[in-house]
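Below is one structure, written out as structure tokens; comments come after it.
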Amino acid sequence: MPKMIVSIDGVVIKEVQLTKDRTSLGRRPYNDIVIDNLAVSGEHAVLQMTGNEVYLEDLNSTNGTYINGKAVKKQLLQNNDTVEIGKYKIKYVNEAPGATYEKTMIMKPGMVPPVPAPGAAAPAAAGAPAAPAPELNAVKGAIKVLSGAAAGREVPLVKVVTTIGKPGVAVAAITKRPHGFVVAHVEGGNKPTINGAPIGPEPVNLKNGDLLELAGTQMQFIQG
């Protein structure tokens, strides 16, 4: 099934399966793929799927839509094409389901994850991103919830990318790297904070004991 892998500065922040004939992309929260960044127009582009073919069409966006570095109005996507919108890169993958990334949400009761994601343990299919290197698996970390209904819960950071927060309010992505973990703001108008300082879209290194707050929930990062 076709999918789009959204990243910024090499950090994967979300993965979206294309299941509908029309998938919208833009800054406004009603889009199917929401990128909360001023470089992205409210209704920036649309993905139209016909059978196993996916066309990308720019919706007269302010900053334009690029595929593999070339500005486009409407174009048929090929496997591994890279769509560029502002600083964001969105890789188009259309092959047999193969696993690379998985998402985990720290959710309040009744919340539903916004985007389904495949598992992260299966071997990568031909052409798919490589599985994490052994040294990456050796990096250990966890998030401990300090407030709210889930207070006391500890979530191990075992995936390459773990998203935390509340969709539409504040969502952050914690990415595992060989040297440790980084956190970045993904979406939502309320910016998360680390030790009281706002977190932007640029990845910030996490240190043992760092205090995170987003969507009204306080958490602590635990290294090792």
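Heavy-atom basis, side chains included; hydrogens, waters and symmetry copies ignored. Remember, it's a predicted structure, so these values are computed and weren't measured experimentally.
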Kindly give the heavy-atom pair with the smallest separation between [X] and [Y], and that separation in Å.
{"X": "V83", "Y": "M4", "answer": "CG2-CE, 4.3 Å"}
{"X": "D32", "Y": "S24", "answer": "OD2-N, 2.9 Å"}
{"X": "L214", "Y": "A172", "answer": "CD1-N, 3.8 Å"}
{"X": "Q17", "Y": "P2", "answer": "OE1-O, 3.5 Å"}
{"X": "P192", "Y": "H185", "answer": "CD-CD2, 3.4 Å"}
{"X": "I143", "Y": "F221", "answer": "CD1-CA, 3.9 Å"}

Item to check | Stepwise side-chain contact (heavy atoms from CB on, under 4.5 Å) check, I199 with L212 | outcome: CA-CA 9 Å; I199 300 173; L212 302 170; 4.0 Å; yes

Look only at the side chain of [X] and the backbone of [Y], and say whether a donor-acceptor pair between them is shorter than 3.5 Å.
{"X": "S61", "Y": "S41", "answer": "no"}
{"X": "E57", "Y": "V46", "answer": "no"}
{"X": "N68", "Y": "T82", "answer": "yes"}
{"X": "D81", "Y": "I67", "answer": "no"}
{"X": "D9", "Y": "V11", "answer": "no"}
{"X": "N195", "Y": "L211", "answer": "yes"}
{"X": "D58", "Y": "A45", "answer": "no"}
{"X": "Q48", "Y": "D21", "answer": "no"}

How long is the gap from [atom1] on [X] to [atom2] on [Y], to the nearest 0.5 Å?
{"X": "L157", "Y": "Q223", "atom1": "CG", "atom2": "CD", "value": "9.0 Å"}
{"X": "H44", "Y": "N37", "atom1": "NE2", "atom2": "CG", "value": "10.5 Å"}
{"X": "I85", "Y": "I33", "atom1": "CD1", "atom2": "CD1", "value": "8.5 Å"}
{"X": "T65", "Y": "L59", "atom1": "OG1", "atom2": "CG", "value": "7.5 Å"}
{"X": "K14", "Y": "S7", "atom1": "NZ", "atom2": "OG", "value": "12.0 Å"}

Would you mind reporting whether [Y] and [X] have side-chain heavy atoms less than 4.5 Å apart?
{"X": "N60", "Y": "K73", "value": "yes"}
{"X": "N94", "Y": "L18", "value": "no"}
{"X": "I13", "Y": "I35", "value": "no"}
{"X": "I90", "Y": "I5", "value": "no"}
{"X": "T23", "Y": "V54", "value": "no"}
{"X": "T175", "Y": "V12", "value": "no"}
{"X": "N80", "Y": "K91", "value": "yes"}

Is there a chain of hydrophobic side chains (I, L, V, M, F, W, Y, each step under 4.5 Å between heavy atoms) that links [X] to [Y]?
{"X": "L47", "Y": "M49", "value": "yes"}
{"X": "Y88", "Y": "V72", "value": "yes"}
{"X": "V34", "Y": "Y92", "value": "no"}

Checklist entry - Should I174 and V183 be marked as a side-chain contact (heavy atoms from CB on, under 4.5 Å) after you check the CA-CA gap, both sets of side-chain angles, and the distance that decides it? => result CA-CA 4 Å; I174 298 176; V183 61; 4.0 Å; yes

